[in-house]
S.K.: 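Here's a structure for you.
Just so it is clear, the values below take in all heavy atoms, side chains as well, and ignore hydrogens, waters and symmetry mates. Being a predicted model, the structure only gives us computed values, none of them experimental. Protein chains get the first letters and strands the later ones, always in sequence-line order, with residue 1 at the start of each.
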Amino acid sequence: MQKVDVEETLTSEVANDMQKPESLIANWKYGVVGILFGIVFVKAEIISWFRIQEMFRLQSFHMYGVIGSAILVGMVSIWLIKRFKIRTLAGEAIVLHPRKFSSGQVYGGLLFGLGWAITGACPGPLFAQIGSGFGVVVVTLLSAIAGTWVYGYFRSGLPQ
Amino acid sequence: MEILEFVRKPWPWYVAGPLIGLTVPALLLIGNKSFGISSSLRHICAACLPANISFFNYNWKREIWNLFFVAGILIGGFLATHFLANPEAVQISPQTVADLKALGIRDFSGMMPADIFNVANLFTLKGFVFFILGGFLVGFGTRMAGGCTSGHSIMGISNLQWPSLIATCCFMGGGFAMTHLILPHLMKLF
């Protein structure tokens, strides 16, 4: 019973819906997408603590433009995928997951927001900051992993 | 040569945003993967210290693509900084510079304020707030919310999921509260 619950929370977050088994080496493709993504993070200064401060002070359109246009392109892409029933390279039907509302999204969202404004980074940019040579951010990342672990530990007593 | 010069300059939002948005269909088309980053932290917990906690007791190896993805982000950060770097400082709004100077920040030369993000601060109160507390809130909050800026704000909203829109509003709300209500007091401590 509990096992099902865990699987459900997993699939409602990020998920691998590929049916055909992939070898460990076959994952290099996702590494390449990550590399391109990391380059964009640095080149558009999304990893900059100053840019995040600018955003939360409403003093620049830059970050709003980045996130807004990313959503727009994502939205159109998903609409096209649904409209034309586009399949994956392996020929499988693309799986999209509905998200169920929970109060955790409110409380957790606010807590993450507080952390975002201090660290100047959401989880993605943390990795890019480390790659850029800000070695001390390794400590931030370890603390974020610890935060995730502590959430998992106390999860049954928290709003979900 | 001109192309390289263009690449070296900071990329405007209308170049970067669409490229980030294209990650959504890229991951779906390559291997039916839903875009999201904060889950990688959960997979690391599941791989390294599951400690019999049901939340970490799942087949993380099936999600290993996500760890390849974040490792790629780290490598991409390295490549962009070492080979495509913009020689000039980040051009942030003069108002932001003035506001941050008033809070005691002096160094505006890099991507991150060197007054805060340096190893010497590691075992100080400043380091505790910016690295330990900040990181903890990011890891705890994203998992409680079930996603971060990528999983909720980009993937979730692109897929027209209203809970993701609510989560995103809360991310922003928390950020505004920290920036305007808490940070000014925190900075007085150092």
S.K.: Do F130(B) and T119(A) have side-chain heavy atoms sitting under 4.5 Å apart?
M.R.: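 No, side chains not in contact.
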
S.K.: Is it the backbone or the side chain of L58(A) that comes under 4.5 Å from a heavy atom of chain B, or both, or neither?
M.R.: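 Interface part for L58(A): side chain.
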
S.K.: Salt bridge check, K33(B) against D17(A): does any charged N sit closer than 4.0 Å to a carboxylate O?
M.R.: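 Looking at D17(A) and K33(B), the cut-off is not met.
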
S.K.: Could you grab the distance from atom CG of L160(B) to atom CD1 of I78(A), nearest 0.5 Å is fine?
M.R.: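 Answer rounded to 0.5 Å: 7.5 Å.
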
S.K.: Based on non-hydrogen pairs under 4.5 Å, which of V15(B), D99(B), V24(B) is most in contact with chain A?
M.R.: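 Greatest number of close heavy-atom pairs with chain A: D99(B).
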
S.K.: Ring centroids only, cut at 6.0 angstrom: are F112(A) and F171(B) within range, meaning strictly under it?
M.R.: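 Here the rings of F171(B) and F112(A) have centres that are less than 6.0 Å from each other.
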
S.K.: With rounding to the nearest 0.5 Å, note down the distance linking CE in M111(B) to CD1 in I46(A).
M.R.: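 CD1 of I46(A) is found 9.5 Å from CE of M111(B).
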
S.K.: Quick check on I116(B) against chain A: is it the side chain, the backbone, both or neither that has a heavy atom closer than 4.5 Å?
M.R.: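 Answer is side chain: those atoms of I116(B) sit under 4.5 Å from chain A.
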
S.K.: Step by step, work out the ring pair (Phe, Tyr, Trp, His ring centres under 6.0 Å) result for F101(A) and W162(B).
M.R.: CA-CA 8 Å; F101(A) 176 73; W162(B) 64 269; 5.6 Å; yes

S.K.: Tell me whether the centres of the aromatic rings in Y151(A) and F136(B) are closer together than 6.0 Å.
M.R.: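 No - the distance between ring centres of Y151(A) and F136(B) does not fall below the 6.0 Å cut-off.
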
S.K.: Side chain, backbone, both or neither: which part of L19(B) has a heavy atom under 4.5 Å from chain A?
M.R.: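 Side chain only.
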
S.K.: State the CD1-CD1 distance between I47(A) and I73(B), to the nearest 0.5 angstrom.
M.R.: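 Those atoms lie 11.5 Å apart.
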
S.K.: Examine whether an atom of L103(B) lies under 4.5 Å from a heavy atom of chain A, and if so say whether it belongs to the side chain, the backbone or both; otherwise answer neither.
M.R.: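 Just the side chain, heavy atoms under 4.5 Å.
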
S.K.: Measure N118(B) against the heavy atoms of chain A and call it side chain, backbone, both or neither at under 4.5 Å.
M.R.: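 The backbone, not the side chain.
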
S.K.: Is it true that, when you exclude Y64(A) itself, more than 12 heavy atoms of the residues, nucleotides or ligands shown sit nearer than 6.0 Å to its OH?
M.R.: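 Buried by this count: over 12 neighbours within 6.0 Å.
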
S.K.: Tell me, for W79(A) versus chain B, whether the close heavy atoms (under 4.5 Å) come from the side chain, the backbone, both or neither.
M.R.: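 Nothing of W79(A), per the 4.5 Å heavy-atom cut-off to chain B.
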
S.K.: Are the side chains of W116(A) and M172(B) in touch, meaning some heavy atoms are under 4.5 Å apart?
M.R.: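 When only atoms from C-beta onward are counted, M172(B) and W116(A) do touch, with a gap below 4.5 Å.
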
S.K.: Below 6.0 angstrom between ring centroids: does that apply to F61(A) and W13(B)?
M.R.: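 When the ring centroids of F61(A) and W13(B) are compared, they turn out to be within the sub-6.0 Å range.
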
S.K.: Taking atom CG of L36(A) and atom CD1 of I75(B), what is their separation to the nearest 0.5 Å?
M.R.: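 The CD1 atom of I75(B) is 11.5 Å from CG of L36(A), to the nearest 0.5 Å.
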
S.K.: At what distance, to the nearest 0.5 angstrom, does CG of L72(A) lie from CD1 of I157(B)?
M.R.: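 If I round to the nearest 0.5 Å, the distance is 12.0 Å.
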
S.K.: Parallel, tilted or perpendicular: which describes the rings of W65(B) and Y30(A), with under 30° parallel and over 60° perpendicular?
M.R.: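 W65(B) and Y30(A): perpendicular rings.
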
S.K.: Checking I92(B) against chain A: side chain, backbone, both or neither under 4.5 Å from a heavy atom?
M.R.: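 It is both, since atoms from each part get that close.
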
S.K.: Quick one about Q59(A) and T96(B) (side-chain donor to acceptor, distance below 3.5 Å, no hydrogens or angles considered), yes or no?
M.R.: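 Present: a donor and an acceptor within the cut-off.
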
S.K.: So does I30(B) get a backbone contact from the side chain of K29(A), meaning a donor-acceptor N/O pair under 3.5 Å?
M.R.: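 No, the answer is negative, given that no donor and acceptor are paired below the 3.5 Å cut-off.
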
S.K.: Give a yes or no answer on whether the side chain of Q53(A) reaches the backbone of L100(B) with a donor-acceptor pair at less than 3.5 Å.
M.R.: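 Such a contact is absent between Q53(A) side chain and L100(B) backbone.
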
S.K.: Which value, rounded to the nearest 0.5 Å, describes the distance between L96(A) atom CG and Q161(B) atom CD?
M.R.: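 Those atoms lie 8.5 Å apart.
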
S.K.: May I ask you to test the I20(B)-F41(A) pair for a side-chain heavy-atom distance under 4.5 Å?
M.R.: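 When only atoms from C-beta onward are counted, F41(A) and I20(B) do touch, with a gap below 4.5 Å.
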
S.K.: Could you check, using the six-membered ring where one of them is a Trp, whether F55(B) and Y153(A) have ring centers closer than 6.0 angstrom?
M.R.: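 Judged by ring-centre distance (under 6.0 Å), F55(B) and Y153(A) do not meet the cut-off.
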
S.K.: Check whether any side-chain heavy atom of P113(B) sits under 4.5 Å from a side-chain heavy atom of W49(A), and report yes or no.
M.R.: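 Of all side-chain heavy-atom pairs linking W49(A) with P113(B), at least one is under 4.5 Å.
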
S.K.: Between I94(A), I81(A), I86(A), which residue shows the highest count of heavy-atom pairs closer than 4.5 Å to chain B?
M.R.: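 Looking at each of I94(A), I81(A), I86(A) in turn, I94(A) comes out on top.
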
